[in-house]
Amino acid sequence: MGKRIDLHTHSIFSDGELLPSEIARRASVLGHRAVAITDHVDASNVDCVGRVINAVLDIRDNWDIEIIPGAEITHVPAEIIPKLARKAKELGAEIIVVHGETLVEPVIEGTNWSAVNCPDVDVLAHPGLITHEEARVAKENNIFLEISARKGHSLGNGHVVKTALEVGADLVVDTDTHAPEDLITYQMAEKIALGAGLPVKELKTVLKDNPTHILKEKGIF
Ligand SMILES: [Zn+2]
Ligand SMILES: [Zn+2]
């Protein structure tokens, strides 16, 4: 059995219920190797990355789990995504997620396109009815598409997996955790990926190799 790597969670620094340390502890108990804390940001609160980093420093030095500060750029005009991604990185965010065009929220049209064209972005979360062209560009720019464990966002998972497989884009399974019960085990992540139509032979690539690759490229692993 593999160890979970979850690159998309929310703490009390945006709309999550848990302190970073509680996310870390619960993830550790569920068998995670690493978890990124990617609170929602726009231009008004991107400096909350600094608060996450302060929280993370204590945990990552003392516990047997890698906690990674990040940010999820959320509901901003598509044209400013690159600027905010850069800003979040400068403030110390190591994983940049973009809140994609989910089926269940009025995300601004063009968000997926802007995200896949921004090399500072690591994961396009819940990209809904992503097009083949967007998925192709994501692949070119080394941006991973998310299979979401979150209710609502997960309605698009089948389409996301099908489109990614057709163009060879890379996938990850993330939870978008907001509450304690949202974190999942490796086995549950496998079931969610299979339920989205991912072939069994792709499971290890998507659940283990892809997130490991992202973190190795950044020198975190
Ligand atoms: Zn999101
Ligand atoms: Zn999220």
Side-chain angles (χ1 to χ4, degrees), residues 4-20 22-24 26-27 32 34-46 48-49 51-52 55-56 67-78 80-82 84-85 88-89 91 93-116 118 120-130 134-135 138 143-157 159-161 164 171-184 188-189 192 196 211 214:
R4 263 297 281 160
I5 299 173
D6 192 341
L7 300 177
H8 183 177
T9 70
H10 299 278
S11 78
I12 56 163
F13 294 127
S14 61
D15 62 349
E17 295 177 13
L18 303 174
L19 283 162
E22 188 169 359
I23 294 175
R26 287 176 178 273
H32 287 50
V35 63
I37 297 174
T38 54
D39 278 303
H40 297 288
V41 299
D42 67 8
S44 70
N45 74 330
V46 66
C48 86
V49 170
R51 300 183 70 189
V52 174
V56 162
I67 310 294
I68 304 145
E72 181 181 17
I73 297 168
T74 307
H75 288 291
V76 303
I80 74 160
I81 287 172
L84 265 180
K89 268 190 150 174
L91 290 167
E94 295 180 70
I95 292 289
I96 306 292
V97 176
V98 171
H99 188 81
E101 294 178 46
T102 173
L103 301 185
V104 292
E105 286 174 27
V107 177
I108 298 160
E109 208 179 312
T111 295
N112 282 356
W113 183 245
S114 179
V116 297
C118 175
D120 286 324
V121 172
D122 299 297
V123 176
L124 175 56
H126 43 71
L129 298 177
I130 186 167
E134 287 162 351
I143 293 164
F144 291 69
L145 305 179
E146 181 189 73
I147 300 169
S148 178
R150 189 155 177 80
K151 288 190 184 73
H153 293 332
S154 58
L155 290 170
N157 281 349
H159 173 80
V160 172
V161 167
L171 293 159
V172 289
V173 177
D174 287 335
T175 59
D176 203 350
T177 284
H178 287 68
E181 62 274 17
D182 296 342
L183 289 166
I184 59 174
M188 189 61 197
I192 288 165
I214 294 173

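Values below: all heavy atoms of this structure, side chains included; hydrogens, waters and symmetry mates excluded. None of these values were measured; they are calculated from a predicted model. As the structure lists them, so they are numbered: ligands from 1, and atoms in each ligand from 1.
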- Message: M188 vs R4, test: side chain to side chain contact (heavy atoms under 4.5 Å, CB included). Steps then yes/no.
- Response: CA-CA 10 Å; M188 189 61 197; R4 263 297 281 160; over 6 Å; no
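Here the closest non-hydrogen pair linking T38 and L7 is CG2-O, 3.5 Å.
Within H126, NE2 is the N, O or S atom that lies nearest to the Zn ion (ligand 1). Closest approach between the Zn ion (ligand 2) and any N/O/S atom of D176 involves OD1. Among heteroatoms of the N, O or S kind in E72, OE2 lies nearest the Zn ion (ligand 1).
By the 4.5 Å heavy-atom criterion applied to side chains, F13 and P20 are counted as neighbours.
Among the backbone and side-chain atoms of H40, no N/O/S atom is found under 2.8 Å from the Zn ion (ligand 1). Not one N, O or S atom of H99 sits under 2.8 Å from the Zn ion (ligand 2). The Zn ion (ligand 1) does not have H8 among its coordinating residues (no N/O/S atom, backbone or side chain, under 2.8 Å).
Classified by interplanar angle (parallel below 30°, tilted 30° to 60°, perpendicular above 60°), the ring pair H153/H99 is perpendicular.
Between I73 atom CD1 and H40 atom NE2 the span is 12.5 Å, to the nearest 0.5 Å.
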